[in-house]
Engineer: 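Pasting in a structure now, in C-alpha cells, and then I'll have a few things to ask.
FYI, side chains are in, hydrogens and waters are out, and symmetry mates aren't considered; it's all heavy atoms of this structure. Residue numbering restarts at 1 for every chain, and letters A, B, ... go by the order of the sequence lines.
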Amino acid sequence: MFELRRSALWSLALIAIVIGIASAAFAYTAGWLSPNRLTPGKLVAAFAPPGGPSLGHRRNHAKGICFTGLFEANGAGSELSIARVFVRGQYPVIGRFNLGTADANAPDATVRVRGLGISISTPDGQEWRSAMIDPPMFPVATPQDFYELLRASGSKDPNAIKTFAAVHPEFAAFGDWAKTAPWTRSYAEERFNSLNSFVFIDKSGTEHVVRWSLLPAAEPVAIAPEELAKLGPDFLEQEITRRVAGAPQRWTMVVTVANPGDPTADPTKRWPGDRRKIEVGTLAAQQVEVERDGPCRDINFDPTVLPSGMRTSDDPFPAARSAAYAKSYDLRTAEAKDYPHTVTGGK
Amino acid sequence: MSRGLQRFTVLQRLLHWVMAVCILAMLFIGVGMESTVMPKYLTLVSIHKPLGVAILVLALIRLALRLRYGAPALPSDLPQPMKLAAVGSHYALYALMFVMPLLGWGMLSAGAYPVVLYAGWHLPAILPQSDSLHTLLWNAHFYLAFAFFALILLHMAAALFHALVRRDGVFQTMASVSIDHQLAPANPKRQPA
C-alpha cells in the first residue's frame, strides 16, 4: 500500500468535491432540489379523485371506448403541409371516444367534457396523433394554471374554484360554455377541437400556424343532462356502438389558419371567425370495440406525435400534455392487473 | 488483452472522451426531461432519442477498437480488490453503453410509440406492443440510468484517485491528449504486461 501524505489528503478532498458537485448538478437537474417544479408526476397526481385514481386506466379521460376507421384525405391539406397524411387517399385510424374524467366509471351525464383521440398512420411509417375535446376553448392559458385549477377542483375549500376564477378571468368563457352549451346524446354529434395550435410546413418551407376541428356529419340533437342520466350511466358507449354498427360515422376535418398576430400560444383565446378554413378530409369511424381488449387501450394519444410537415408551436400545452400523458401511460401499463384483458393471449 | 501499450490508442482516447460527454449529457437530459412539463421537455426528448442511438453506434465502434487494440495493463502493485473493481466496473460500463439505448428503443416499441430520430426519420419497432414488456423495460431503463450515473461517479473518483493520489500513470493512459509522444518513463511502477 501507499502512505497517505498531506497532499494525498488534499487530493482526496478534491475528489470528494468533484464527485459532490457532479451529484448536486444531477440532483438539481432531476428536480430533487426544486420542490416547486411542476413535474409530470405532480400534474398527473393532481387529477386523482379523493378515492384515488382508476388503476389501469388513463389518469384523465379515463372512461372511453375504442374505434377503428379511416381518414380520407381530399388533398387540400397539402397546400399547408407536406405531411403524407394530406395526400389524397385513405389512411387507417385507431381512435378513442372518451369522457374528460379521472373516474373510469363516471356516469355519462356527470361529465361535461367529451374527447376524441386519433392516431392516423401513413404508408411512410409516420403517425399523426391528436387528442381533441368538445369545448371551443380551453379553461386555462398555461400548464401551471391548469395545475392550479386541478388543485382548486380537488380542494376542500368550497370557494377554491371561485377564488381561482377571480384570479384567472380567462376561465370565465369556459365556465359559460360549460353552463350554457347544449349537451348531445351521441359522440357522433360532437364537434371535437384541437384547441392547441400547431405549425404546418408546406412545400416551400413556409410555416402556417393552425388549429383543427372535427365537425360531425350527424346533426346534433340537444338533450338535457337530466334526460341523458335517465338513459343510463354508459349510454354514450352503447349508443356509439349501435350507431357505428349501423353505418360508419363521419366528421369533416377543418384546419383553421392563424393570421399574423393571432394568439397562438393561448388556447383560452379563440381566433376570429373569419380566419381561413380548409377542409382537408373526413374521419370515418367504422368499428367500435370495448377498450379492455381494444386497439386504443395501449395507445398514448400524445399530441406531439406528429409526422414531418408538422411541429409544435409556441403553445406550451402540447409539451405538458406529452409529459403528463407519458407519465399516465407508464403508470397504467404497470397496473394492467387492475384492468385485466379478457381475451386470452392479450398483452 | 494488453499488448504492452503505454496508453490507449488515439482513436480509443478520442472515443472515450466523446462518449463521456454524450453519456453524461444523456443521463442529465434523461432525469431533466422526467422532471418537467415545460416546452423544454419536448426539446430534451428530441435530443434523447437520436443521442441514444448515436451512443449505441459509438459503443459498437468502441467495443471493436477495444477488441482490436486492447488496453494498457494495470499497475502490477495495484491491490487485488482495486484490480477486480477496475475490471468489473469496466465490464459494467460497457454493458450499460449497449443496454441503455436498447432498453429505450425496446420500451418505446413495446409502448407503440413511433421512434422518431429526426423529422421523418424513424426506427422500426424491435418489440411487439405489450404493456407488461413496456413496464419491465421502462423500469430497467429508469433504474439502470441511476446505476449508470453512480458507476460513472465511481469511475471519475477512481480516475482522479489514480491521477492525484497513486500517481501511477493509469489516468494518463486515457487522459493524455498528445498523439505522437509516449508517456515519460517517469513511472517506475508501470510495467508493460
Engineer: Could you tell me which portion of B:Phe146 (side chain, backbone, both or neither) has an atom closer than 4.5 angstrom to a non-hydrogen atom of chain A?
Structural biologist: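 The side chain, not the backbone.
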
Engineer: Examine distances only and state if a side-chain atom of A:Ser313 and a backbone atom of A:Ser197 form a donor-acceptor pair shorter than 3.5 Å.
Structural biologist: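 Flag set: sc A:Ser313 to bb A:Ser197 pair under 3.5 Å.
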
Engineer: Sort out for me which of A:Gln144, A:Lys327, A:Arg129 touches chain B most, counting heavy-atom pairs under 4.5 Å.
Structural biologist: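 Ranked by heavy-atom pairs under 4.5 Å with chain B, first place is A:Arg129.
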
Engineer: Would you mind checking which part of A:Arg332 comes under 4.5 Å of any heavy atom in chain B, side chain (CB onward), backbone (N, CA, C, O), both or neither?
Structural biologist: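 The answer is neither part of A:Arg332.
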
Engineer: Under 4.5 Å, counting heavy-atom pairs only, tell me which of A:Phe317, A:Tyr28, A:Trp32 racks up the most with chain B.
Structural biologist: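 Heavy-atom pair counts peak at A:Trp32.
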
Engineer: Looking only at side chains, do A:Asp298 and B:His134 share a donor and an acceptor under 3.5 Å apart?
Structural biologist: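 The answer is no; no qualifying pair exists.
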
Engineer: Is a donor on one side and an acceptor on the other found under 3.5 Å between the side chain of A:Tyr339 and the backbone of A:Leu55?
Structural biologist: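 No: the side chain of A:Tyr339 does not pair with the backbone of A:Leu55.
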
Engineer: Relative to chain A, which segment of B:Ala110 carries a heavy atom at a distance below 4.5 Å: side chain, backbone, both, or neither?
Structural biologist: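 The answer is the backbone of B:Ala110.
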
Engineer: Check whether any side-chain heavy atom of B:Ser89 sits under 4.5 Å from a side-chain heavy atom of B:Leu151, and report yes or no.
Structural biologist: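 Sidechains of B:Leu151 and B:Ser89: in contact.
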
Engineer: Under 4.5 Å from any heavy atom of chain B, what part of A:Leu43 do you find: side chain, backbone, both or neither?
Structural biologist: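 It is the side chain, since no backbone atom gets that close.
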
Engineer: Taking side chain as everything from C-beta outward and backbone as N, CA, C, O, which of these in A:Leu306 sits under 4.5 Å from a heavy atom of chain B? Side chain, backbone, both or neither.
Structural biologist: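 Neither part.
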
Engineer: State, yes or no, whether a side-chain contact exists between B:Phe8 and B:His16 at a heavy-atom distance under 4.5 Å.
Structural biologist: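 A side-chain contact under 4.5 Å is absent here.
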
Engineer: Is the backbone N or O of B:Ala86 less than 3.5 Å from a side-chain atom of B:His90, with the two atoms forming a donor-acceptor pair by type?
Structural biologist: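 Checking the backbone N and O of B:Ala86 against the side chain of B:His90, a donor-acceptor pair under 3.5 Å is found.
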
Engineer: How about A:Thr304 and A:Asp302: does a side-chain donor come under 3.5 Å of a side-chain acceptor?
Structural biologist: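 A donor-acceptor contact under 3.5 Å links the two side chains.
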
Engineer: Under 4.5 Å from any heavy atom of chain B, what part of A:Pro316 do you find: side chain, backbone, both or neither?
Structural biologist: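 Its backbone and side chain both get close to chain B.
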
Engineer: Under 3.5 Å, which donor-acceptor pairs do the side chains of residues 20-41 of chain B form with other protein atoms, sequence neighbours left out?
Structural biologist:
unit_1, atom_1, unit_2, atom_2, d
B:Ser35, OG, A:Thr29, O, 3.4
B:Ser35, OG, A:Arg37, NH1, 2.6
B:Ser35, OG, B:Gly32, O, 2.8
B:Thr36, OG1, B:Met38, N, 3.0

Engineer: Heavy-atom distance under 4.5 Å to chain B: side chain of A:Ala326, backbone, both or neither?
Structural biologist: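 Backbone plus side chain of A:Ala326, per the 4.5 Å heavy-atom cut-off to chain B.
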
Engineer: Taking only Lys NZ, Arg NE, NH1 and NH2, and the carboxylate oxygens of Asp or Glu, determine whether A:Asp315 and A:Arg321 approach each other closer than 4.0 Å.
Structural biologist: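 Not counted as a salt bridge, because no side-chain N and carboxylate O are separated by less than 4.0 Å.
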
Engineer: Considering only heavy atoms, which portion of B:Phe149 lies under 4.5 Å from any heavy atom of chain A: side chain, backbone, both, or neither?
Structural biologist: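 Only the side chain of B:Phe149 comes within 4.5 Å of chain A.
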
Engineer: So which part of A:Ala334 gets closer than 4.5 Å to some heavy atom of chain B, the side chain, the backbone, both or neither?
Structural biologist: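 For A:Ala334, heavy atoms of backbone and side chain both lie under 4.5 Å from chain B.
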
Engineer: Could you tell me which residues satisfy salt bridge (charged side-chain N to carboxylate O under 4.0 Å, His left out) with A:Glu289, sequence neighbours excluded, listed by chain and number?
Structural biologist: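 By the salt bridge (charged side-chain N to carboxylate O under 4.0 Å, His left out) rule, A:Glu289 matches no residue at all.
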
Engineer: Only pairs of heavy atoms separated by less than 4.5 Å count here; which of A:Ala25, A:Pro143, A:Ala16 has the most with chain B?
Structural biologist: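 Heavy-atom pair counts peak at A:Ala25.
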
Engineer: Looking at B:Phe171 and B:Ala159, what are the two nearest heavy atoms and their distance?
Structural biologist: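 The pair with the smallest heavy-atom distance is CD1-O, 3.4 Å.
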
Engineer: Counting only non-hydrogen atoms closer than 4.5 Å, can you tell me which residues of residues 45-62 of chain B sit against chain A?
Structural biologist: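 If one takes a 4.5 Å heavy-atom cut-off, no residue of residues 45-62 of chain B lies near chain A.
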
Engineer: For A:Arg58, enumerate each residue passing the salt bridge (charged side-chain N to carboxylate O under 4.0 Å, His left out) test, keeping only those at least two apart in sequence or located in another chain.
Structural biologist: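 With neighbours one apart ignored, the set is A:Glu291.
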
Engineer: Less than 4.5 Å to any heavy atom of chain B: does that hold for the side chain of A:Asn300, its backbone, both, or neither?
Structural biologist: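 Side chain only.
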
Engineer: Is A:Thr312 close to chain B through its backbone or its side chain, or both, or neither, when contacts mean heavy atoms under 4.5 Å?
Structural biologist: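 Side chain only.
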
Engineer: Among the options A:Glu335, A:Arg84, A:Met310, A:Glu127, pick out the one with the most heavy-atom pairs lying under 4.5 Å from chain B.
Structural biologist: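 Ranked by contacts with chain B, first place is A:Glu127.
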
Engineer: Does B:Ser109 reach the main-chain N or O of B:Ile126 with its side chain, forming a donor-acceptor pair under 3.5 Å?
Structural biologist: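 Yes: the side chain of B:Ser109 pairs with the backbone of B:Ile126.
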
